[in-house]
Amino acid sequence: MTMAMSIAQFTFFSRATSSSFLNRTNARFNRFTFSTPFSTADATCTRKKNGRLPVLSALELGGVKIARDDVVRDDPTNNVPDSIFSKLGMQLHKRNQHPIGILKNAIYEYFDANYSNKFDKFDDLCPLVSVKQNFDDVLVPADHISRSYNDTYYVDSQTVLRCHTSAHQAELLRDGHTHFLVTGDVYRRDSIDSTHYPVFHQMEGFRVFSPEEWEASGLDGTSYAAGDLKKCLEGLARHLFGAVEMRWIDAYFPFTNPSFELEIYFQEKWMEVLGCGVTEQEILRNNGQLDSVAWAFGLGLERLAMVLFDIPDIRLFWSNDERFTSQFTKGKMGIKFKPFSKFPPCFKDMSFWINESFTENNLCEVVRGVAGDLAEEVQLIDNFTNKKGMTSHCYRIAYRSMECSLTDEEINELQRKVREQVETKLNVELR
């Protein structure tokens, strides 16, 4: 479930044709590929000064072509930028020599070995989903912050880029699946630093039990499912990290009760691995699973891969630089990343008077829109309120390419554009 979103924080985890478009692309078995594939060649600094790959005009979902204008629109209900559209269909989790794909396959191996191929696997489900699928079906409250335009990418008022792989849970249950793993790219507006990126990858696991399975144990269904869940996930942690010390932390999620987080003691500190719990009965009843209990877990693949492969910056997962991609081998979990970039960061500060509608996520969207992956970090370094009640924020932006050295002229031009866009798009007064 959306427990993968518990890691770091509990957040989630228009044109007239838009609704019919969603209906056309909403089928569970839609296959999801670009009609024109990305080049795997390294993009040189002269081609990619802003750190972004060219935006393709269309991609294909199960035979249905999606044009850029279907996702990125000049419309008040749409907040999807070109930088996000360019990531649709890249599917790092399906690349067997990529750290994300290697980790996904290692988790598959664990479930295949311990559950005799009982779990159905889905890794190509369409990331365009309805608001109902993304929020209502997993009991996210109507007033929850994750539904806001500040946190979620809206294609239109009823369609979003999924915030979590749990968006497909209800549909799979209704189709009769009782054991499944769902892996995919998920999208959230977020801060800019070495561990946050607006596109990342999650895996959800789900298992349903019938009364016959727990009645013989002498336990009630909830206790039986919770015990089975913990045994399963402790085994997975050992499979990935070896013989590590573990502990369970009680947690809260709206879609499970009871809810837990699993932590392991790794590299001399406690680290949260995943969130999980016993599925709320309402979800099961709503989707045809009467008199059953179930468990679910969710984990973020980037978070674990950064630790397992010693990858220091989340932007590296999206690099086509051969100095990165050539370091990893299909099926090899023990490989440690060897840094190849020693280019220094360049820091630029920017101060402005904020307004009531200002949010840091909106600022980061503007910075990413200009600088792409050259923006390494955006950090609030000072704020104050004057006697007139006006509040000023000062942000420090760190620019750094992981592939080449940037000139002062290039950095100054990026900063000039950032200042211009912040002033016009966020309606703030620069200082």
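In this chain, residues are counted from 1 in sequence order. Model, not experiment: these values are computed from the prediction. Computation of the quantities below employed the complete heavy-atom set of this structure, encompassing side-chain atoms and omitting hydrogens, waters and symmetry-equivalent molecules.
Using modelled atom types, one side-chain atom of Glu410 and one backbone atom of Thr407 make a donor-acceptor pair closer than 3.5 Å. The backbone N or O of Asp123 lies less than 3.5 Å from a partner atom in the side chain of His93, making a donor-acceptor pair.
With 3.5 Å as the limit, one finds no donor-acceptor pair spanning the side chains of Tyr399 and Glu377. Lys425 and Asn362 share no donor-acceptor pair across their side chains, judged by distance under 3.5 Å alone. In this structure, a donor-acceptor pair under 3.5 Å is absent between the side chains of Gln158 and Ser130. Side-chain polar atoms of Asn105 and Asn96 form a donor-acceptor pair below 3.5 angstrom. Side-chain N/O atoms of Thr77 and Asp156 include no donor and acceptor closer than 3.5 Å. Residues Ser357 and Asn355 bring a donor and an acceptor atom of their side chains to less than 3.5 Å of each other. At a cut-off of 3.5 Å, with distance as the only test, no side-chain donor of Glu245 or Trp270 sits close to an acceptor on the other residue. Using modelled atom types, one finds a donor on one side chain and an acceptor on the other under 3.5 Å when comparing Glu302 with His201. In the model, Gln202 has no side-chain atom that pairs as donor or acceptor with a side-chain atom of Thr183 under 3.5 Å. A donor-acceptor contact under 3.5 angstrom links the side chains of Thr195 and Asp193, judged on distance only. Inspection of the Asn257 and Tyr252 side chains reveals no N or O donor paired with an N or O acceptor under 3.5 Å.
Interatomic distance, Ile107 CD1 to Lys121 NZ, rounded to the nearest 0.5 Å: 12.0 Å. Distance OH/Tyr395 to CG/Asn383: 8.0 Å, rounded to 0.5 Å. Atom-to-atom distance recorded for Asn79:CG and Asn150:CG is 9.0 Å, nearest 0.5 angstrom.
Salt bridge Asp151/Arg188: absent, no basic N to carboxylate O contact under 4.0 Å. For the pair Glu376 and Arg315, the salt-bridge criterion is met [side-chain N within less than 4.0 Å of a carboxylate O]. Using a cut-off of 4.0 Å between Lys/Arg side-chain N and Asp/Glu carboxylate O, Arg416 and Glu413 are scored as salt-bridged. Between Asp185 and Arg162 there is a salt bridge, with a side-chain nitrogen of the basic residue lying less than 4.0 Å from a carboxylate oxygen of the acidic one. Between Arg368 and Asp373 no salt bridge is recorded (no basic side-chain N to carboxylate O distance below 4.0 Å).
For an aromatic pair to be called close, the ring centres must be under 6.0 Å apart, and Phe122 with His177 satisfies this. Aromatic pair Phe337/Phe309: ring centres not closer than 6.0 Å.
Under the rule for a side chain to side chain contact (heavy atoms under 4.5 Å, CB included), the partners of Asp228 that lie at least two apart in sequence or sit in another chain are Arg207, Phe209, Trp295. With sequence neighbours excluded, the residues satisfying side chain to side chain contact (heavy atoms under 4.5 Å, CB included) with Asp136 are Lys132, Arg147.
Other residues, nucleotides and ligands contribute over 12 non-hydrogen atoms within 6.0 Å of the NZ atom of Lys336.
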